[in-house]
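Reading through the structure tokens given below for one structure.
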Number of protein chains: 2
Amino acid sequence: MTKQRQIIFDLMKQQCGKHPHVMELYSLAKKKDPNINLSTLYRTLTEFKKADIVEELHLEEEHHHYEIKQAEQHQHFVCEKCGAITEFDLPAEQKIEKELAKVHGFKIKTIKMIASGLCKKCR
Amino acid sequence: MTKQRQIIFDLMKQQCGKHPHVMELYSLAKKKDPNINLSTLYRTLTEFKKADIVEELHLEEEHHHYEIKQAEQHQHFVCEKCGAITEFDLPAEQKIEKELAKVHGFKIKTIKMIASGLCKKCR
DNA sequence: ATGTATGCAAACCTTTTGCATATTC
DNA sequence: GAATATGCAAAAGGTTTGCATACAT
């Protein structure tokens with residue numbers, strides 16, 4: 001565990017519930033270590049993904065977002081107007097998986113859902 | 001409507017139910033017009049997206065996939081083992097949207113779900 | 001004839017990689 | 001001391017863009 005990895009790990013914990021992308025993390029990391037390198041950040045995120053510490057989200061075109069891995073799986077809602085990202089649990093997930101197993105024969109391991117529309121404030 | 005656009009449009013129709021990525025489309029297009037350019041393909045796909053003729057899918061890391069826009073919204077299942085992509089309807093979608101409206105106040109406009117696991121053949 | 005689309009090459013942007021040096025255990 | 005991680009700079013890969021030419025209406 002190097003200084004750089006510690007910084008990135010701490011950052012991810014601090015950002016829990018948020019969904020920063022690489023450049024946001026890079027800016028934050030540079031405040032703690034101005035010499036930290038972007039490739040170190042990328043390499044560390046890759047390691048953390050492998051170690052199941054961090055999850056990569058594909059919420060937007062431009063770049064990936066990252067979040068620290070939480071106990072329970074959850075989904076993401078993106079507000080079209082203000083861009084706010086909200087986490088939510090997929091209602092009746094068990095039922096959905098069972099239904100799809102029945103109808104299509106899938107053995108579902110993960111579900112990634114991105115809902116978009118208007119959030120509570122913007123609707 | 002140019003020759004190139006016609007070729008790409010016809011291709012997309014032919015590929016209905018499949019989910020080709022750009023290079024697959026490019027290869028197919030070059031069979032009909034060996035001089036067609038990759039940037040024309042990209043530009044045309046962008047136009048078709050704007051015109052709601054084509055939908056862009058983010059099923060994999062490496063590249064986007066494209067499909068011709070169908071009447072009813074559907075979701076995608078990707079088999080971890082064989083890579084097969086299957087379309088499916090999200091069970092009880094209305095209920096889910098209603099539930100999320102109630103709990104979180106969302107006004108949901110689109111849902112993009114990517115389920116992965118094992119398909120019927122591979123499970 | 002006017003406006004729009006094309007081909008080509010170059011640029012862009014995010015992410016990855018090779019390599020020498022520095023750091024961790 | 002051996003193995004691994006870092007910084008730097010360069011490359012990679014998919015996608016976009018500027019511009020002169022060609023095409024559609």
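Just so it is clear: chains get the letters A, B, ... in the order the sequence lines come, proteins before strands, and each one is counted from 1. Everything numeric here is computed off the predicted structure, so don't read it as measured data.
Annotation: the span from A:Glu93 atom CD to A:Met113 atom CE amounts to 10.0 Å, rounded to 0.5 Å.
For the pair A:Leu45 CG and D:dT6 P, the interatomic distance rounds to 11 Å; values are reported in whole Å. Between B:His63 atom NE2 and D:dT15 atom C1' there is a gap of 14 Å when expressed in whole angstrom units. Separating the NE2 atom of A:His65 from the P atom of C:dT14 is a distance of 12 Å, rounded to the nearest angstrom. When rounded to the nearest whole Å, the span between NZ of A:Lys49 and C1' of C:dT16 equals 11 Å. At whole-Å resolution of the value, OH in B:Tyr66 and P in D:dG14 are 12 Å apart. Straight-line distance from the NZ atom of A:Lys50 to the P atom of D:dT4: 12 Å, rounded to whole Å. Distance NZ (B:Lys30) to P (C:dC8): 11 Å, rounded to an integer number of Å. Atom C1' of nucleotide D:dT4 and atom CZ of A:Arg5 are separated by 8 Å, given to the nearest angstrom.
Contact annotation: A:His64 side-chain N/O to C:dT15 OP1/OP2 distance is under 4.0 Å. The shortest distance between the side-chain N/O atoms of B:Tyr42 and the OP1/OP2 oxygens of D:dT15 is below 4.0 Å. Side-chain nitrogen and oxygen atoms of A:Asn37 include at least one within less than 4.0 Å of the OP1 or OP2 phosphate oxygen of D:dC8.
The two atoms that bring A:Lys13 and A:Ile68 nearest to each other are CG-CD1, 3.5 Å, heavy atoms only.
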Sequence-aligned protein contact record of nucleotides 18-25 of chain C, with B where the base is within under 4.0 Å of a protein heavy atom and S where only the sugar-phosphate is: B-----SS
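In this structure, the nucleotide among C:dG7, D:dT15, C:dT16 sitting nearest to the side chain of B:Ile36 is C:dG7.
Ring to ring, B:Phe106 and A:Phe77 are close: their centroids are under 6.0 angstrom apart. Taking the six-membered ring for Trp, A:His21 and A:His64 have ring centres at least 6.0 Å apart.
Remark: the backbone N or O of B:Asn37 is not paired with any side-chain donor or acceptor of B:Gln4 at under 3.5 angstrom.
Judged by closest nucleotide on DNA chain D, A:Thr40 is the one of B:Leu38 and A:Thr40 placed further toward the 5' end.
When the options A:Gln15, A:Lys18, A:His74 are evaluated for a side-chain hydrogen bond (donor to acceptor under 3.5 Å, both in side chains) with A:Glu67, the one that passes is A:His74.
A donor-acceptor pair shorter than 3.5 Å cannot be found between the side chains of B:His65 and B:Glu24.
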